[in-house]
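Report on the following structure.
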Amino acid sequence: MTQTAPPAASTRIRRLGIGIVIFLAVYSGIWFLAAHQIETRLASFLTSRSGSASAQCDGLTVRGFPFRIGLFCDAVKVDDTKLGASGAAGALRSAAQVYWPGHAVIEMDGPAELRFSPGITTSMDWQTLKASIQATLSGLSRTSIVSERLAGTLVPTLGEDALAFATNTTELHLRQNDSDLDAALSVTGLDLKPHNGASLLPLMNAAIDLTVKDRATLLDRGGLSRHALRSSAGEVRNLTIDLGNGMVTTANGPFTVDDQGLISGAFKVTMRDIAAWRAALASAFPESENMLDNAANMLTALAAGGNDATVTLNVRDGTAFLAFIPIGVLPQL
């Protein structure tokens with residue numbers, strides 16, 4: 001009696017099943033080997049860093065099997081003597097697809113404390129803080145950071161009064177655009193007040209969109225330095241400050257930063273409801289009331305007695321001028 005051979009289809013299915021099992025075993029081994037290498041080498045790197053920057057990741061683990069891979073820390077600390085800055089925050093969680101490890105999403109828990117030389121301290125907490133990064137072999141090509149319900153205090157220098165701040169949402173976007181650096185920052189519901197004091201201004205929405213020429217390298221590894229924006233030039237495409245009730249000011253124009261960090265430029269500024277702006281700023285900064293009166297009177301005259309005006313604001317070596325009247329000094333970069 002002749003024995004019948006098994007059908008060819010059953011043989012193919014069995015071979016396919018064996019192949020899948022072998023693939024899964026090999027893939028799992030590679031994933032866990034890679035995770036182990038990342039965990040051990042990163043831990044060794046963090047503890048042996050000899051440059052100006054150092055970092056600490058408490059409870060370092062690598063998770064995400066099978067389709068993701070990510071770094072998890074119970075708490076993080078960073079210190080950079082070159083920048084004169086240090087910081088500490090809560091737990092960090094990151095994740096990237098195994099087929100695109102250079103694109104990661106990150107979540108971080110508060111509270112956090114940041115310190116900058118000389119004596120500037122910021123403490124803050126938030127409801128959520130998320131970031132997205134796209135990394136290359138040389139550094140970052142772009143990054144976005146978004147927070148919700150962020151609040152904290154800023155001490156400008158030792159001995160000065162603290163400034164409390166809070167926002168509903170905050171977004172920061174940076175990207176390399178050929179050799180240039182594009183940056184955009186927006187905040188909604190910004191509230192500023194002296195520590196334990198009343199709000200300085202109505203809740204503010206603000207946004208700025210700008211480009212700094214030939215500064216794409218700031219996102220490269222080691223590209224950020226304390227005075228990285230000195231001897232640079234760029235353009236503010238849009239700056240908007242909105243205090244509500246029609247009180248909106250916009251500005252745009254080119255700028256330069258000299259080798260001392262002093263800003264110069266010519267900006268087209270449009271202010272809506274000059275009288276309301278004057279009243280709000282005089283209430284927040286009563287010591288500047290005379291200067292605010294002079295500026296408001298000049299804007300009203302330029303607007304032919306109206307309450308809205310469009311003017312050119314000239315900034316020379318860090319001092320802003322409305323026509324020939326100095327109205328403020330910009331911080332040195």
Side-chain angles (χ1 to χ4, degrees), residues 34 37-38 41-57 60 62 69-71 73 76-89 92-108 112 114-117 129-147 170-186 208-237 254-261 263 331-333:
Q37 290 294 318
I38 292 172
R41 293 190 180 190
L42 184 57
S44 175
F45 173 78
L46 293 176
T47 56
S48 63
R49 188 69 180 268
S50 59
S52 65
S54 61
Q56 181 177 329
C57 172
L60 170 62
V62 177
I69 190 163
L71 180 69
C73 304
V76 294
K77 295 179 182 179
V78 294
D79 183 53
D80 193 322
T81 57
K82 181 180 177 181
L83 292 175
S86 62
L92 178 145
R93 299 171 296 278
S94 67
Q97 303 293 342
V98 292
Y99 57 83
W100 195 4
H103 183 198
V105 293
I106 302 169
E107 292 185 356
M108 182 177 289
L114 305 176
R115 296 180 180 272
F116 304 91
S117 178
L129 178 64
K130 300 179 180 180
S132 172
I133 63 171
Q134 291 188 22
T136 63
L137 294 177
S138 60
L140 299 179
S141 62
R142 64 174 60 204
T143 183
S144 298
I145 303 172
V146 179
S147 72
T170 304
E171 295 190 20
L172 173 64
H173 305 276
L174 302 170
R175 72 171 183 178
Q176 293 180 328
N177 184 3
D178 294 327
S179 63
D180 301 336
L181 177 67
D182 291 339
L185 172 68
S186 65
I208 184 170
D209 179 12
L210 59 86
T211 293
V212 186
K213 296 179 181 178
D214 299 321
R215 285 299 186 271
T217 53
L218 289 180
L219 293 182
D220 288 346
R221 188 183 302 110
L224 187 62
S225 62
R226 196 169 183 179
H227 301 305
L229 293 178
R230 293 189 175 185
S231 301
S232 67
E235 181 178 6
V236 176
R237 284 184 291 275
F255 67 88
T256 61
V257 184
D258 68 13
D259 58 2
Q260 299 299 312
I263 301 172
Q332 190 174 6
L333 299 179

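Start at 1 with the first residue, then count along the sequence.
- A search for side chain to side chain donor-acceptor pair (under 3.5 Å) contacts involving E107 returns R93, not counting sequence neighbours.
- Residues meeting the side chain to side chain contact (heavy atoms under 4.5 Å, CB included) test with S141, sequence neighbours left out: Q134, T136, Q176.
- S132 meets the side chain to side chain donor-acceptor pair (under 3.5 Å) test with H103; sequence neighbours excluded.
- For the side chain to side chain contact (heavy atoms under 4.5 Å, CB included) test, residues two or more places apart in sequence or in another chain that qualify with A228 are L218, S225.
- Note that CD1 of I145 and CG of L174 are 7.0 Å apart. Values are rounded to the nearest 0.5 Å.
- Under the rule for a side chain to side chain contact (heavy atoms under 4.5 Å, CB included), the partners of K77 that lie at least two apart in sequence or sit in another chain are Q56, A88.
- Residues satisfying the ring-ring contact (aromatic ring centres under 6.0 Å, His included) criterion with H173, sequence neighbours excluded, are absent altogether.
- Separation of atoms NE2 (H227) and CG (D259) is listed at 11.0 Å; rounding is to 0.5 Å.
- Here the CG-OG1 distance, from L185 to T170, works out to 7.5 Å after rounding to the nearest 0.5 Å.
- From T211, atom OG1 reaches atom CZ of F255 across 8.5 Å, with rounding to the nearest 0.5 Å.
- We find the CG-CG distance between L181 and L210 to be 8.0 Å, quoted to the nearest 0.5 Å.
- Qualifying side chain to side chain donor-acceptor pair (under 3.5 Å) partners for S231, counting only residues two or more places apart in sequence or in other chains: none.
- Contacts of D79 classified as salt bridge (Lys or Arg N to Asp or Glu O under 4.0 Å), with partners at least two apart in sequence or in another chain: none.
- Counting only distance, with no hydrogens or angles, the side chain of R230 and the backbone of L333 share a donor-acceptor pair below 3.5 Å.
- In terms of the side chain to side chain contact (heavy atoms under 4.5 Å, CB included) criterion, residue partners of A104 (sequence neighbours excluded) are, by chain and number, A96, I133.
- A donor-acceptor pair is defined here as one N or O able to donate and one able to accept, closer than 3.5 Å; no such pair exists between the side chain of E171 and the backbone of S144.
- Applying the salt bridge (Lys or Arg N to Asp or Glu O under 4.0 Å) rule to R175 yields the partners D182; only residues at least two apart in sequence or on another chain are considered.
- Residues that satisfy the side chain to side chain donor-acceptor pair (under 3.5 Å) test with D258, not counting sequence neighbours, are absent from this structure.
- Residues P331 and I263 approach most closely at O-CD1, 4.2 Å, considering heavy atoms.
- Between the side chain of S94 and the main chain of L71, a donor-acceptor pair closer than 3.5 Å is present.
- Nearest heavy atoms, D180 versus D214: OD1-N, 2.9 Å.
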